Amino acid sequence: MKIFNTLTGKKEELRTLSPYKVKMYVCGPTTYNYIHLGNARPLVVFDAFRRYLQFRGYEVNYVQNFTDVDDKIINRARDEGQDPMSLAERYINEYFKDADALNVRRADVHPRVSENIPEIIEAVKLLMAKGYAYEVQGDVFFRVRAFSDYGKLSGRSLKDMLAGARVEVDERKEEPVDFALWKSAKEGELCWDSPWGRGRPGWHIECSVMAIKYLGETIDIHGGGNDLIFPHHENEIAQSEAITGKPFANYWMHNGFITVNKEKMSKSLGNFFILRDILEKYPADAVRFYLIATHYRSPLDFDDSKLEEARKALGRLKNTLDLCKEFKKSNIEIGIDLEGKASDFWQSIEKLENDFIEAMDDDFNTAKALGFLFEMSHQINAYIAASNRDSAVNQAAVGRAVRVFTELGNVLGIFMEGRHNEMQIVEGILPILAELSSDAETEGNYEFVNNIRDFLKEIKVNIEDGEGKCVLYSSRYPDINVVVKKLIEIRSILRQKKEYQKADFIRDSLRKRGIILEDTREGVRWKFADL
RNA sequence: GGGCGGGUGGCGAAGAGGCUAACGCUGAGGUCUGCAAAAUCUCCAUUCACCGGUUCGAAUCCGGUCCCGCCCUCCA
């Protein structure tokens with residue numbers, strides 16, 4: 001397992017502190033707004049890495065913080081005339097909705113700044129006691145000069161930074177590069193008591209404190225976006241290592257940016273897309289697929305067509321899942337020896353599984369790994385297309401293959417349960433029956449009219465005469481499968497009678513309402529349109 | 001100015017010394033089908049920004065040139 005380490009600028013073999021245990025800390029969002037797509041990238045990629053490590057047998061202890069005390073939160077709360085802590089709380093809840101939608105699993109701990117103030121104060125006191133920090137009028141600063149390794153992560157030297165300093169200069173600081181550990185509060189601002197008066201923590205100290213508190217003085221992997229390398233992570237290293245005298249994190253991982261027209265998507269440029277809005281237009285699994293279809297360190301340019309492409313590509317993979325489900329008649333696959341064609345097939349699946357693992361072992365190359373998943377999809381489809389489903393050997397072979405396929409897809413987290421609004425779709429479909437019925441009535445085909453009436457009665461739906469509208473008289477919506485099956489049945493009869501126009505009317509109408517019909521050798525299959 | 005990363009087909013994107021330069025989208029054609037869809041099969045980069053060099057061999061290494069992005073200030 002190799003990981004690209006920002007600290008050394010090289011890919012390195014992963015050697016964990018304890019065998020098969022990984023301590024992982026990923027910087028989480030500042031909760032003053034809904035997250036945008038750029039925020040979603042680290043979320044998704046590190047979730048995928050965590051899943052992969054677990055798949056490889058590691059026990060992963062995963063911590064992701066919330067920055068719920070921050071100037072931006074305070075300002076926004078003031079603008080909206082509300083309490084900063086409840087504003088932060090609200091956006092933490094919204095964050096979880098987005099994360100859940102993207103199939104991002106919860107961290108083992110989601111610590112918040114506001115819940116770790118005493119520990120932060122202790123840390124600042126300790127830094128002062130060790131000479132790494134100094135107080136000026138209620139503010140406490142980190143004395144960068146005192147930490148000789150400063151700059152080792154971002155590859156800069158203190159000398160260069162002092163020379164090229166064009167940072168705002170707070171005259172009270174000993175050096176322009178010194179940064180705040182504790183900020184004094186203005187009148188009426190959110191604050192906590194401290195030895196230096198009322199105030200709140202600076203931005204960087206929280207991560208040092210929470211990482212150490214929940215994971216220990218040295219952790220295996222610390223992750224976050226590229227822009228955090230400097231100053232945030234550089235400062236975290238300085239603080240943590242000044243406190244403990246030990247290496248803070250052995251591997252630093254940073255994801256690349258999402259760009260729009262090749263420009264960084266960021267809040268300050270205003271070119272960001274709120275994830276919530278994107279999820280209105282595209283299925284969440286397509287968004288997740290899009291985010292992992294490119295290597296995590298590369299920049300990723302965003303526009304709608306990319307999500308559309310992701311949707312289609314993922315649809316191909318999911319279609320294989322459907323084909324398998326239809327092919328498989330039972331789950332019995334144990335104790336059957338695969339021979340001949342089945343054995344060759346299984347071997348190629350195993351080969352692709354190994355290729356997948358090899359790709360992921362190389363710095364989590366999800367893009368390459370996905371390629372093998374597509375090849376696996378081809379293999380499975382082709383095998384199914386050429387095989388008799390009544391054979392126990394074929395059943396076993398496909399069963400084993402799809403299990404591997406599904407497991408690997410789940411490692412990437414791209415196989416989510418479809419969340420279709422079935423009620424809405426059923427509501428859209430029922431009028432097709434009404435329309436068919438009224439057409440039949442015009443033609444004097446009363447047998448057919450009665451057939452439909454009986455069916456509707458069965459599923460507790462009324463047709464309002466004259467208007468062709470369907471009205472439910474049950475509190476429960478009819479099962480979508482039952483309704484679609486009925487339409488398929490009607491269409492089959494029409495096809496037998498070669499009344500293709502009407503048959504196509506049914507297929508087209510369903511299509512418009514989100515249901516796709518496919519005529520296969522095994523009969524008609526249906527699926528939801530947006531997969 | 002300093003630090004970092006990148007330029008691969010119509011598009012997206014892997015590949016980091018030697019297999020036919022993965023895979024996806026798009027497009028073309030065949031099989032299947034009443035048609036469509038799905039599936040399947042085949043085709044679509046003599047060439048990897050440019051110029052030199054190292055090497056038996058370079059998209060991959062080295063030097064130079066030209067572009068592009070990011071960080072150096074809150075930002076994932």
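What you see is a predicted model, and the numbers here were worked out from it, not measured in a lab. Chain naming here is simple, since letters A, B, ... match the order of the sequence lines and numbering starts at 1 in each. All values below were derived from every heavy atom in this structure, side-chain atoms included, with hydrogens, water molecules and symmetry-related copies excluded.
Shown here, C50(B) forms a base pair with G64(B); the pair counts as Watson-Crick or G-U wobble because both key distances fall under 3.5 Å. Taking a pair to require two hydrogen-bonding distances under 3.5 Å in either a Watson-Crick or a G-U wobble arrangement, G69(B) pairs with C4(B). Searching all strands for a Watson-Crick or G-U wobble partner of G24(B) with both distances below 3.5 Å returns C11(B). Here A45(B) sits opposite no nucleotide as a Watson-Crick or G-U wobble pair (both hydrogen-bonding atom distances under 3.5 Å). Judged by Watson-Crick or G-U wobble contacts below 3.5 Å, the nucleotide G18(B) has C56(B) as its partner. Partner assigned to A39(B) is U31(B), using Watson-Crick or G-U wobble distances below 3.5 angstrom.
Not counting sequence neighbours, the partners of Trp203(A) by the ring-ring contact (aromatic ring centres under 6.0 Å, His included) test are His232(A). The ring-ring contact (aromatic ring centres under 6.0 Å, His included) check on Tyr290(A) picks up nothing, with sequence neighbours excluded. Partners of Arg106(A) according to the side chain to side chain donor-acceptor pair (under 3.5 Å) rule, which considers only residues two or more places apart in sequence or in another chain, are Asp100(A). The side chain to side chain donor-acceptor pair (under 3.5 Å) check on His110(A) picks up nothing, with sequence neighbours excluded.
For Thr294(A), the listed nucleotide lying nearest its side chain is A14(B); candidates were A76(B), C75(B), A14(B). Checked against U40(B), C35(B), G12(B), the side chain of Arg491(A) finds its nearest nucleotide in C35(B).
Using atom P as the reference point in both U47(B) and U8(B), the two lie 16 Å apart (nearest Å). Distance noted for atom P between G15(B) and G53(B): 29 Å (whole Å). Separating the C1' atom of C44(B) from that of G29(B) is a span of 11 Å, rounded to the nearest Å. Going from the P atom of U73(B) to that of A14(B) covers 30 Å, rounded to whole Å. Rounded to whole Å, the separation between the C1' atoms of C66(B) and G12(B) comes to 24 Å. Rounded to whole Å, the separation between the P atoms of A22(B) and A16(B) comes to 14 Å. Nucleotides U65(B) and C56(B), compared at atom P, are 28 Å apart to the nearest Å. Taking atom P on both nucleotides, A21(B) is separated from U60(B) by 15 Å, rounded to a whole Å.
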- Once each nucleotide of nucleotides 20-33 of chain B is scored for protein heavy atoms under 4.0 Å, what B/S/- sequence comes out, 5' to 3'? --BSBSS-------
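Heavy atoms of Leu228(A) sit under 4.0 angstrom from primed sugar atoms or phosphate atoms, though from no base atom. The residue His295(A) sits close only to the backbone: its heavy atoms come under 4.0 Å of sugar-phosphate atoms, none of a base. Residue-level contact check: Ser298(A) touches the backbone only, with heavy atoms under 4.0 Å from sugar-phosphate atoms and none from bases. Residue contacts for Leu43(A): at a heavy-atom cut-off of 4.0 Å it reaches no nucleic acid atom on any strand shown. Residue contacts for Asn255(A): at a heavy-atom cut-off of 4.0 Å it reaches a base atom on one of the strands shown. Among the heavy atoms of the strands lying under 4.0 Å from Gly155(A) are primed sugar atoms or P, OP1, OP2 only; no base atom is included.
Listed pair Asn365(A) / A14(B) fails the phosphate criterion, with no side-chain N or O lying under 4.0 Å from OP1 or OP2. OP1 and OP2 of A37(B) both lie 4.0 Å or more from every side-chain N or O belonging to Trp526(A). The side chain of Lys267(A) places an N or O atom within less than 4.0 Å of a non-bridging phosphate oxygen (OP1 or OP2) of A76(B). When the side-chain nitrogen and oxygen atoms of Asn319(A) are compared with OP1 and OP2 of A39(B), one or more of them lie within a distance under 4.0 Å.
For the pair Arg311(A) and Phe289(A), the NZ or CZ position fails the cation-pi test of under 6.0 Å to the six-membered ring centre and within 45 degrees of the ring normal. Tyr150(A) does not carry Arg145(A) over the face of its six-membered ring by the limits of under 6.0 Å from the centre and within 45° of the normal. At least one test fails for Lys267(A) against the ring of Phe272(A): distance under 6.0 Å to the centre or angle within 45° of the axis.
Between the base of C75(B) and the side chain of Lys264(A) there is a donor-acceptor pair shorter than 3.5 Å.
Computed from coordinates, the Phe230(A) CZ to C71(B) P distance equals 13 Å when rounded to whole Å.
Ranked by how close their nearest RNA chain B nucleotide is to the 5' end, Ser377(A) and Tyr296(A) are led by Tyr296(A). Toward the 5′ end of RNA chain B lies the nearest nucleotide of Leu517(A), the other residue of the pair Lys262(A) and Leu517(A) mapping further downstream.
Arg90(A) and Asn93(A) share no donor-acceptor pair across their side chains, judged by distance under 3.5 Å alone.
Checked against the 6.0 Å centroid threshold, Phe356(A) and Phe372(A) do not count as a close aromatic pair. For Tyr62(A) and Phe49(A), the ring centers sit 6.0 Å or farther from each other.
Non-hydrogen atoms lying under 4.0 Å from RNA chain B are contributed by Tyr500(A), Asp504(A), Arg507(A), all within residues 499-508 of chain A.
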